[in-house]
Amino acid sequence: MPLGAVRPSPLVEQATARLREQITGGHWPVGTRLPGETTLAKELGVGRSTVREALRALAGAGLVQPRQGAGVFVIATEPVEDWPTRLRRAAVTDVYEVRMAVEVHAARLAAHRRTPEDVTAIETALEGRRAASTSDDVTFVDADIAFHAAVVAAAHNPVLADLFTEFTPVLREGLVDLLTLTGLRTHDPNTADEAHESLVRAVADGDAEAAAEILRKELEDPFAG
């Protein structure tokens, strides 16, 4: 099965796609040593630098692996899903369990590490959440997530912050759907406000265990306000 020359621009993406087709289509089974860069470049009608970038992309997808002095070998015929893709496919309940672990620990750290600026940011986010209580569910959920993001940011742990950012889109969709289905805000537009205010006080007072416990109880509620 000849590779066939690719058309101009974007060359790296086209070369990557063409090579991926050869791997996922079974032309190059697991364990196969790929042709050298010069050969691939000639067949694809591109430069060696383009082939090199394409191979790097395939390695990042978990399809190939370079071995020093031996060449590049196929190690899988299906690409590994990246973290954002996996999260988009995950059940909301699974994401919610991760949220519990991340945010409860973040609240504990925030109480230890918060700065005056962090406290101000959290208080401002709480006011934003209250203001959004007169708006629709989407606006309210966005304001709610912004509040929780401010608490996570106060933990000053970039890994926790990145995790929260990654699963936020799935969480947002799930919370909006939940509010739409349950009508929870019909009788309580600013649901869980008291818990949020208590969390702000615990973080500001440096009470780590209280902050963690308040957030844990809050997240056990059907609406993760």
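What you see is a predicted model, and the numbers here were worked out from it, not measured in a lab.
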*Asks:* So, Lys217 and Glu220, do they make that salt bridge, N to O below 4.0 Å?
*Replies:*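 No, Lys217 and Glu220 are not salt-bridged.
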*Asks:* Under a 4.0 Å N-O cut-off, is there an ion pair linking Arg130 with Glu197?
*Replies:*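 A salt bridge is present here (some side-chain N lies under 4.0 Å from a carboxylate O).
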*Asks:* Is there a side-chain contact between Trp28 and Val64, using heavy atoms and a 4.5 Å cut-off?
*Replies:*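 No; the side chains remain at least 4.5 Å from each other.
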*Asks:* Are any non-hydrogen side-chain atoms of Arg67 and Val72 less than 4.5 angstrom apart?
*Replies:*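 They are not in side-chain contact.
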*Asks:* Side chains of Gln14 and Leu44: closer than 4.5 Å at any heavy-atom pair?
*Replies:*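 No; the side chains remain at least 4.5 Å from each other.
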*Asks:* State, without any angle test, whether Asn157 and Arg113 hold a side-chain donor-acceptor pair at a distance under 3.5 Å.
*Replies:*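 Absent: no donor and acceptor within the cut-off.
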*Asks:* So, using side-chain hydrogen bond (donor to acceptor under 3.5 Å, both in side chains) as the criterion, who are the partners of Thr139 when residues are at least two apart?
*Replies:*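 Partners of Thr139 by the side-chain hydrogen bond (donor to acceptor under 3.5 Å, both in side chains) criterion, ordered by chain and then number, come out as Asp136.
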*Asks:* Hey, does the Lys NZ or Arg CZ of Arg99 hover above the aromatic six-ring of Phe164, less than 6.0 Å from the centre and inside 45° of the axis?
*Replies:*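 Here Arg99 fails the 6.0 Å and 45° test against Phe164.
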*Asks:* Can you find a side-chain donor-acceptor pair between Glu218 and His196 that sits under 3.5 Å?
*Replies:*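 Yes, His196 and Glu218 have a side-chain donor paired with an acceptor closer than 3.5 Å.
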*Asks:* Less than 3.5 Å apart, any donor N or O on the side chain of Thr115 or Asp118 sitting next to an acceptor on the other?
*Replies:*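 The criterion, which ignores hydrogens and geometry beyond distance, is satisfied for Asp118 and Thr115.
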*Asks:* Do Phe140 and Asn190 come close enough that some side-chain heavy atom pair is under 4.5 Å?
*Replies:*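 They are in side-chain contact.
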*Asks:* Could you tell me whether the side chains of Ser198 and Arg201 share a donor-acceptor contact shorter than 3.5 Å?
*Replies:*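 Yes, a side-chain donor-acceptor pair sits under 3.5 Å.
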*Asks:* So with a 6.0 Å cut-off around CD of Glu13, is the heavy-atom count from everything else above 12?
*Replies:*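 Yes, CD of Glu13 has more than 12 neighbouring heavy atoms, counting only those of other groups under 6.0 Å.
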*Asks:* Only pairs at least two apart or in different chains count here, so list each salt bridge (charged side-chain N to carboxylate O under 4.0 Å, His left out) that has a residue in residues 25-34.
*Replies:*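 Matches after skipping sequence neighbours: none remain.
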